[in-house]
> 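Here it is: the structure, laid out below.
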Amino acid sequence: MINGKIRNRIFILLLFVFLFLQVTFIPQLFFDNYIPNIVLALLLAASALNNKSTNIFYAAFFTGFILDIFSGNYFGPVIISILSAIFVSSYLNYYFLKELFSYNLFLISAFAVLAYNVTCIFLINISDFQQIFSNLKQFLLIIIFQIVYTVILIYPLTYILSRKTCK
């Protein structure tokens with residue numbers, strides 16, 4: 001059980017920068033629905049560092065609200081999806097993360113991204129289940145893409161947010 005503290009100033013600064021990039025520039029660089037959610041990767045890194053705090057849920061709600069406003073879909077799926085991913089991450093971190101920079105960190109972040117995507121796809125297409133099954137191959141490719149970049153980003157973001165400083 002890791003109960004390290006995160007650097008609040010760095011986390012807040014990165015959160016606002018990533019939120020700005022997620023809303024403005026990142027969707028312009030990627031095609032179709034292959035848009036990486038770097039805000040989710042930052043929230044998962046913060047969740048790994050401080051899994052007993054409810055402050056991460058407040059930050060997740062705030063960022064989900066902002067992303068939901070700019071998503072262009074129904075209002076609510078992004079908030080619920082981000083909160084479910086942070087809940088899965090916090091729950092799994094509490095029980096399975098004994099050492100911070102370990103293989104379990106990658107697995108936990110992969111399961112959290114999977115929970116985010118499944119929840120978001122389900123909530124966006126709740127009125128038309130046939131569309132989910134007809135586009136299953138594309139949805140699986142999007143999920144795999146998001147898991148891969150999150151696994152790549154989780155280690156550096158966790159290292160940046162940790163309080164361990166060199167003296």
> I'd like to know if the side chain of Ser89 and the backbone of Ile86 have a donor-acceptor N/O pair within less than 3.5 Å.
no

> Closest approach of Ala48 and Asn93, non-hydrogen atoms and distance?
CA-ND2, 3.2 Å

> With sequence neighbours left out, what residues match Phe75 under ring-ring contact (aromatic ring centres under 6.0 Å, His included)?
Phe65

> How long is the straight-line distance from CD1 of Ile154 back to CD1 of Ile147, given to the nearest 0.5 Å?
12.5 Å

> Report, as yes or no, whether the 6.0 Å neighbourhood of atom CZ on Phe111 holds more than 12 heavy atoms from other residues, nucleotides or ligands.
no

> For residues Gly76 and Asp68, report the shortest heavy-atom separation together with the two atoms involved.
N-OD2, 2.5 Å

> Which residues end up grouped with Tyr103 if you chain together Ile, Leu, Val, Met, Phe, Trp and Tyr wherever their side-chain heavy atoms are less than 4.5 Å apart?
Leu107

> Could you list the cluster mates of Tyr74? Members are the ILVMFWY residues connected by side-chain heavy atoms closer than 4.5 Å, either directly or through other members.
none

> Under the ring-ring contact (aromatic ring centres under 6.0 Å, His included) rule, collect the residues that match up with Phe30, sequence neighbours excluded.
none

> Nearest 0.5 Å please: distance from the OG1 atom of Thr63 over to the CG atom of Leu43.
4.5 Å

> Same cluster for Leu136 and Leu114 if Ile/Leu/Val/Met/Phe/Trp/Tyr side chains link at under 4.5 Å?
no

> Taking the side chain as C-beta and beyond, is there a heavy-atom pair between Phe139 and Asn125 under 4.5 Å?
yes

> If I compare all heavy atoms of Leu44 with all of Ala85, which pair ends up nearest, and what's the gap?
CD2-O, 4.1 Å

> For Phe96, which residues count as a ring-ring contact (aromatic ring centres under 6.0 Å, His included) partner, sequence neighbours excluded?
none

> Once you round to the nearest 0.5 Å, how far does OG of Ser47 lie from CG of Leu42?
11.0 Å

> At what distance, to the nearest 0.5 angstrom, does CG of Asn135 lie from CD of Gln130?
11.0 Å

> Any donor-acceptor pair under 3.5 Å linking the side chain of Lys98 with the backbone of Tyr95?
yes

> Got a list of side-chain donor-acceptor pairs under 3.5 Å for residues 117-124, not counting sequence neighbours?
{"from": "Asn117", "atom 1": "ND2", "to": "Val113", "atom 2": "O", "distance (Å)": "3.1"}
{"from": "Asn117", "atom 1": "ND2", "to": "Gln146", "atom 2": "OE1", "distance (Å)": "2.9"}
{"from": "Thr119", "atom 1": "OG1", "to": "Ser84", "atom 2": "OG", "distance (Å)": "3.4"}
{"from": "Thr119", "atom 1": "OG1", "to": "Ala115", "atom 2": "O", "distance (Å)": "2.7"}

> If you define the side chain from C-beta out and look only at heavy atoms, does anything of Leu14 sit under 4.5 Å from Leu161?
yes

> So Asn37 and Tyr149, do their side chains get closer than 4.5 Å, heavy atoms only?
yes

> With sequence neighbours left out, write down each residue that passes ring-ring contact (aromatic ring centres under 6.0 Å, His included) with Phe87, or none if nothing qualifies.
none

> So Phe101 and Tyr155, would you call those rings parallel, tilted or perpendicular, with 30° and 60° as cut-offs?
perpendicular

> With a cutoff of under 4.5 Å between side-chain heavy atoms, which Ile, Leu, Val, Met, Phe, Trp and Tyr residues group with Ile144?
Val148, Ile152

> Taking the side chain as every heavy atom from C-beta outward, state whether Leu92 and Leu97 have any atom pair closer than 4.5 Å.
no

> Do Phe62 and Ile79 sit in the same hydrophobic cluster, where Ile, Leu, Val, Met, Phe, Trp and Tyr count as joined when their side-chain heavy atoms come under 4.5 Å apart?
yes

> For the ring pair Phe61 and Phe57, is the centre-to-centre distance below 6.0 Å?
no

> In chain order, what residues pass the side chain to side chain contact (heavy atoms under 4.5 Å, CB included) check against Ala41, with sequence neighbours excluded?
Thr150, Leu153, Leu157

> Testing the basics here: between Ala60 and Leu83, what is the closest heavy-atom pair and its distance to 0.1 Å?
CB-CD2, 3.9 Å

> What's the shortest heavy-atom distance between Ala45 and Thr158, and which atoms?
CB-OG1, 3.5 Å

> May I have the list of side-chain donor-acceptor pairs in residues 16-29 shorter than 3.5 Å, sequence neighbours left out?
{"from": "Gln22", "atom 1": "OE1", "to": "Ile38", "atom 2": "N", "distance (Å)": "3.1"}
{"from": "Gln22", "atom 1": "NE2", "to": "Pro36", "atom 2": "O", "distance (Å)": "3.1"}
{"from": "Thr24", "atom 1": "OG1", "to": "Phe20", "atom 2": "O", "distance (Å)": "2.6"}

